[in-house]
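Heads up, the thing below is written out as structure tokens.
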Number of protein chains: 2
Amino acid sequence: MTSRTKFRLHPARRGAAVRSRGHAIVPRFGTRGQPEESRASILRAAVAEFAEHGIAGARTDAIARAAHVNKALLYYYFKDKDALYEAVLDHVFSGLRARVMPVFESDLPPRQKILKYLGEYFDYIAANPRFPRVVQAEWMRAGGKGHVPMQRIAKEYFLPIFAKLVDVLRQGIEAGEFREVDPIDFVPSVVGIIIFYFSTAPLMKSLVKVDPLSEGRIRERRAFVLNFISAALFR
Amino acid sequence: MTSRTKFRLHPARRGAAVRSRGHAIVPRFGTRGQPEESRASILRAAVAEFAEHGIAGARTDAIARAAHVNKALLYYYFKDKDALYEAVLDHVFSGLRARVMPVFESDLPPRQKILKYLGEYFDYIAANPRFPRVVQAEWMRAGGKGHVPMQRIAKEYFLPIFAKLVDVLRQGIEAGEFREVDPIDFVPSVVGIIIFYFSTAPLMKSLVKVDPLSEGRIRERRAFVLNFISAALFR
DNA sequence: GTCATATAATTAACTAGTTAGTTAGATTGT
DNA sequence: ACAATCTAACTAACTAGTTAATTATATGAC
């Protein structure tokens, strides 16, 4: 990894095929095939590979193969393995943010707001059960001390959500509806409850008869999580 | 990895220096240095390395260096990287089992039993905050589908504890002291709450001012966890 | 309309560096 | 002497990342 490589611009960033305001793709000069399709296909394959093997364990060859593209194309769209992983993280967290932030804009009372937040969070993960493992892969890296990339991710996505939760909790507590919990303890507990189940699902499946990701089981799990946290938080 | 290698016996398993009933070590013939010390040193270093980098990310060279032994010695005591990791898992889980199983032998009422269990579990992890990451490393491997080794670990350590918890929960529910929770939902939730905090501690530390592993914070966290789960479980 | 051309998209084959695991012996306590 | 313990140096395999070319497409000149 020379310093020249490091600062090389990637065609994808220079923008080749460009999506105009509407929806129709306006191709430029040498655009051929479906470049956005290729990029998306690589990202999709990367999500699966990183979720299954972590960052160190993920194989760029495997990602390329699963995406049905040549490995060099992977390095054409992404600087290196780390950049690809970062793109995956962005994908995961921007999806989550898009899903939960609107909840905080609504003017529901604190109790309903928390429940709605939990429900949306749960449903997003349930619809993408690989995501917890992808994120876990990050904090398994380098002792989880939080690289520069992860710092950015945390500041861009996590802290804003956390701040909103702090607000709602404060309101609920002031209104006497919530027990007095410290967000620094409450939030990671909630995240742990929701995420842990899904990230251990593959292992759980091999241990017990029931499929932890079956539709029925997920519905039960959802009800339990909301009920459990409600009992712990509401007066 | 040839099949011959696979079945080679390791001196450690044949038993060299043997610890007699008392405490004094009774060395055999060519015993020199402190073989048990070397083995323990390797294990200790492996815990740290696996916790920091996961299985694929862990470097056997780094483990040997940290343990102040030649890398070949590592392969003298352990068949390969996987076997070393398995030994680490045994170390972690046997410690946990030794700590929590006595709780179930006691004749405390269900409520106190659960609280005692949670406290012991929490304290064990708090005293060894690297352990959650070590275990997480396992289910990040090969999609967490649960290798043969992990199946063994789960059956040997996890299922017995789970069974005891099922008992206590049933008793508590029948006595009308507990809300009606399904162990298949309750147990992973509790584990998630306890473990998640510690496995994300390094990242958390880089994000906020407070040290999540400071003595005071741990004490607070412990109180919160017991209180939170109590509120969610007890009537 | 069509033809050369610039440029984007894509690939087969390669390389340099890393890493798990081995070998063949050296050392030491008994 | 002898087996247990330990090591320096090695190797075979793997893997992230590169290179140098090739193919397809839109554009603009005519």
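Below, chain A is the first sequence line, B the second, and so on; all start at residue 1. What you see below is based on every heavy atom in this structure, not just the backbone, and it leaves out hydrogens, waters and symmetry mates.
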Assess, by modelled atom type and distance only, whether the side chains of R221(B) and S189(A) contain a donor and an acceptor separated by less than 3.5 Å. yes
Can you check the L73(A) CG to dA13(C) P distance for me, whole Å? 17 Å
Gap between atoms CD and C1', on E36(A) and dA8(C) respectively (whole Å): 13 Å
Can a side chain N or O of Y76(B) be found less than 4.0 Å away from OP1 or OP2 on dC6(D)? no
D80(B) CG - dA13(D) C1' separation (whole Å): 15 Å
Whole-Å distance between dT11(C) P and R65(A) CZ? 15 Å
Closest to the N70(B) side chain, choosing from dT18(D), dT10(C), dA8(D): dA8(D)
With a cut-off of less than 4.0 Å, is there a side-chain N or O of Y75(A) near OP1 or OP2 of dT19(D)? no
Residues at least two apart in sequence or cross-chain that pass salt bridge (Lys or Arg N to Asp or Glu O under 4.0 Å) with R219(B), listed by chain then number, are E215(B)
Under 4.0 Å between a side-chain N or O of S38(A) and OP1 or OP2 of dT10(C)? yes
Begin from the C-alpha positions of I63(A) and L84(A) and carry the test side-chain contact (heavy atoms from CB on, under 4.5 Å) through to its verdict. CA-CA 10 Å; I63(A) 295 172; L84(A) 173 57; 4.0 Å; yes
Report the residues that fulfil salt bridge (Lys or Arg N to Asp or Glu O under 4.0 Å) with K71(B), sequence neighbours left out, ordered by chain and then residue number. D61(B)
Taking only residues two or more places apart in sequence, or in another chain, which ones meet F162(A) in a ring pair (Phe, Tyr, Trp, His ring centres under 6.0 Å)? none
Considering residues at least two apart in sequence or located in another chain, which fulfil the ring pair (Phe, Tyr, Trp, His ring centres under 6.0 Å) criterion with Y117(B)? F104(B), Y121(B)
In whole angstrom, what separates I63(B)'s CD1 from dG21(C)'s P? 11 Å
Without decimals, in angstroms, what is the distance between H68(A) NE2 and dA12(C) P? 14 Å
Rounded to the nearest Å, what distance is computed from the CZ atom of residue F78(B) to the P atom of nucleotide dT5(D)? 13 Å
Can you give each donor-acceptor pair under 3.5 Å made by side-chain atoms of residues 85-103 of chain B, sequence neighbours left out, with the distance rounded to 0.1 Å?
residue, atom, partner, partner atom, Å
Y85(B), OH, V134(B), O, 2.6
Y85(B), OH, E138(B), N, 3.0
E86(B), OE2, R152(B), NH1, 2.5
D90(B), OD1, R152(B), NH2, 2.5
D90(B), OD1, Y157(B), OH, 2.5
D90(B), OD2, R152(B), NH2, 2.7
S94(B), OG, D90(B), O, 2.7
S94(B), OG, H91(B), O, 3.2
R99(B), NE, E120(B), OE1, 2.7

Table of protein N/O atoms under 3.5 Å from nucleotides 14-19 of chain C N/O atoms:
residue, atom, partner, partner atom, Å
dT19(C), OP1, R59(B), NE, 2.7

